[in-house]
Chemist: 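Sharing a structure below in structure tokens format, with a few things to ask.
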Amino acid sequence: NGNDVYKDKSDLSIDEAPHVKNSLEWWYYTGHLEDIETDREYGVEFVFFHFNPRNKKDYIMVNFAITDSTNQKFYYDYKITSLDELLTADLPINLSYADKKEQYSLNGQMGKYHLKGEMAEYDITIDLTTSPTKQAVLHSGTGYENYGGYATAGYYSYPRLTTAGTLELNGTTIKVKGDLWYDRQWNCIGVWQKEVAWDWFSVQFEETNEELMVYRVYHVGDKATIYGGTYYKADGSAIDLKKEEIILKELDFWKGKKSKVEYSVKWGLEIPSLNMDLELVAVVPEQELSLKFTPIHFLHYWEGMCNVKGAINGKSVIGNSYIELTNRGIIDD
């Protein structure tokens, strides 16, 4: 809704819907799912992107990935297509992609969603429904994140969506449950360009029913590093985190097989103002996605299922995490 600050969270419906002629926006789900019968864990990434670069024709892109932690396997797929008609700012959300082999769809609004995906190459499908256990959190306290003055994007999250449904993998239908993290962002072209590298971290703490989002953006032209984040407490209050409060350390690496880029797969994260000291470790190192837009234009990024352990105020905590590392190859060490 322009550049206005939300008066309250009831205004979210304005920006939950598609934005007409938006340069780039997304509806983004990540999280850990548990096999109800065996306790095996799986990671899921499911995203619909919408973009209209010349304000004439709409395009959507779907990203879908599954991490099989038990067998140390990672599967992903993506689809890009133009739309015959422009999207309209309607709710509930009704986004879809279909061809002869695969179908993807997202329906719902305000924390209650239905996600369906089919990865034909690996014969993997998901059918998930969600409901919110906490209200949405407005990042930066306003729902508009300022990335160091380089870009401003609308941004709110439902950081803990109770999720249930089925995952079909290796010829078996698995009943799953878990908590997904949902990010809603729009007007994002400024933070998705080639001169910007992007690290994003989400954590759902098991003991405290609290959540954490941290980002680090590196601007190549100015060699500037921008930090920010939000700590979402169990009582529904949120703490806006500033650059000086965030200490990130890269502890171990994995080199992408296609990109040949080194990604950090083990992190130390300290937030002294919260008396927080965490270690985040990839469940599977190999969680790189390679997207081909044209014969010469590729995007390689790492997005993966991670485990968290550490302490807050001297008390041990564990949690589930997803980490996204985009354009890592452009960082000048």
Side-chain angles (χ1 to χ4, degrees), residues 6 9-19 22 24-34 36 42-51 58 60-67 76-79 81 83 87-98 102-119 124-139 143 154-168 173-186 188 200 202 204 209 211 213 232 236 303 305 320 322 324:
Y6 289 110
K9 294 180 182 179
S10 65
D11 292 339
L12 288 178
S13 60
I14 299 169
D15 288 314
E16 176 85 336
H19 292 71
N22 197 271
L24 179 62
E25 63 178 336
W26 55 75
W27 299 259
Y28 214 118
Y29 303 82
T30 52
H32 295 215
L33 299 174
E34 177 185 312
I36 293 174
Y42 303 90
V44 61
E45 173 196 348
F46 186 87
V47 196
F48 266 89
F49 297 89
H50 163 228
F51 48 100
D58 272 339
I60 60 169
M61 180 170 73
V62 184
N63 286 13
F64 176 34
I66 293 292
T67 303
Y76 74 92
D77 194 16
Y78 67 98
K79 298 295 178 184
T81 189
L83 301 180
L87 293 177
T88 55
D90 296 328
L91 288 175
I93 301 164
N94 183 20
L95 299 171
S96 63
Y97 170 90
E102 298 179 314
Q103 296 184 3
Y104 297 93
S105 63
L106 168 61
N107 303 96
Q109 66 185 80
M110 309 312 295
K112 296 182 178 181
Y113 307 106
H114 186 192
L115 287 58
K116 295 185 72 174
E118 182 177 359
M119 199 183 306
I124 296 173
T125 67
I126 58 165
D127 189 338
L128 304 173
T129 57
T130 74
S131 60
T133 58
K134 300 173 73 172
Q135 284 193 320
V137 58
L138 308 179
H139 296 293
Y155 186 16
Y156 65 83
S157 302
Y158 280 98
R160 198 179 293 261
L161 295 174
T162 297
T163 303
T166 58
L167 163 67
E168 291 187 21
T173 299
I174 305 163
K175 291 183 179 180
V176 292
K177 65 177 182 179
D179 292 314
L180 293 187
W181 180 296
Y182 165 59
D183 266 358
R184 177 72 179 106
Q185 290 197 263
W186 61 98
C188 297
W200 175 87
S202 70
Q204 298 164 322
N209 196 35
E211 296 84 27
M213 183 279 294
Y232 196 27
E303 179 140 22
M305 178 187 189
N320 294 331
Y322 250 78
E324 179 188 34

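The chain is numbered in sequence order, starting from 1.
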Chemist: Which pairs count as salt bridge (Lys or Arg N to Asp or Glu O under 4.0 Å) when at least one residue sits in residues 127-139, sequence neighbours excluded?
Modeler: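 Passing the test, one end in residues 127-139: Lys134-Glu211.
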
Chemist: Name the residue from Trp27, Tyr156, Trp186 that meets the side chain to side chain donor-acceptor pair (under 3.5 Å) definition with Glu16.
Modeler: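 Checked Trp27, Tyr156, Trp186 against Glu16; only one passes side chain to side chain donor-acceptor pair (under 3.5 Å): Tyr156.
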
Chemist: Run the ring pair (Phe, Tyr, Trp, His ring centres under 6.0 Å) test against Tyr155 and tell me which residues pass, sequence neighbours left out.
Modeler: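 Scan of Tyr155 (ring pair (Phe, Tyr, Trp, His ring centres under 6.0 Å), adjacent residues dropped) gives His139.
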
Chemist: What pair of heavy atoms forms the shortest contact from Ser157 to Trp181, and how long is it?
Modeler: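 So the minimum-distance heavy-atom pair works out to OG-NE1, 3.7 Å.
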
Chemist: Looking only at atom types and distance, does a side-chain atom of Tyr322 sit under 3.5 Å from a main-chain N or O of Trp200, one as donor and one as acceptor?
Modeler: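 Looks like no, no N/O pair under 3.5 Å.
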
Chemist: Quick check against the 3.5 Å criterion: does Glu25 have a side-chain atom that pairs as donor or acceptor with the backbone of His19?
Modeler: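 Pair found, side chain donor or acceptor close to backbone of His19.
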
Chemist: Write down the atom of Phe46, the atom of Gly117, and the distance for their closest heavy-atom approach.
Modeler: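 Closest pair (atom of Phe46, atom of Gly117, distance): CE1-CA, 4.1 Å.
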
Chemist: Ile124 and Phe64: side chain to side chain contact (heavy atoms under 4.5 Å, CB included), yes or no, with the steps?
Modeler: CA-CA 10 Å; Ile124 296 173; Phe64 176 34; 4.3 Å; yes

Chemist: Within the supplied structure, the quantity of interest is the number of heavy atoms (other residues, nucleotides, ligands) at a distance under 6.0 Å from Lys116 NZ; does it exceed 12?
Modeler: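 Counting neighbours around NZ of Lys116, 12 or fewer heavy atoms of other residues, nucleotides or ligands fall under 6.0 Å, so no.
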
Chemist: Without swapping roles, check the side chain of Ser105 against the backbone of Asn94 for a donor-acceptor pair under 3.5 Å.
Modeler: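 No; judged by distance alone, with no hydrogens or angles, the pair does not exist.
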
Chemist: When you measure from the side chain of Arg184 to the backbone N and O of Ala17, does any donor-acceptor pair fall under 3.5 Å?
Modeler: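 Yes; at least one donor-acceptor contact below 3.5 Å.
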
Chemist: Short question: side chain of Thr133, backbone of Thr162 - any donor-acceptor pair under 3.5 Å?
Modeler: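 Judged by distance alone, no pair lies under 3.5 Å.
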
Chemist: With Asp179, which residues qualify under side-chain hydrogen bond (donor to acceptor under 3.5 Å, both in side chains), at least two apart?
Modeler: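 Partners of Asp179 by the side-chain hydrogen bond (donor to acceptor under 3.5 Å, both in side chains) criterion come out as none, since no residue qualifies.
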
Chemist: Met110 and Tyr158: side chain to side chain contact (heavy atoms under 4.5 Å, CB included), yes or no, with the steps?
Modeler: CA-CA 8 Å; Met110 309 312 295; Tyr158 280 98; 3.5 Å; yes

Chemist: Which heavy atom in Tyr42 sits nearest to a heavy atom in Met305, and how many Å separate them?
Modeler: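 Looking at all heavy atoms of both residues, the closest pair is C-CE, 3.7 Å.
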
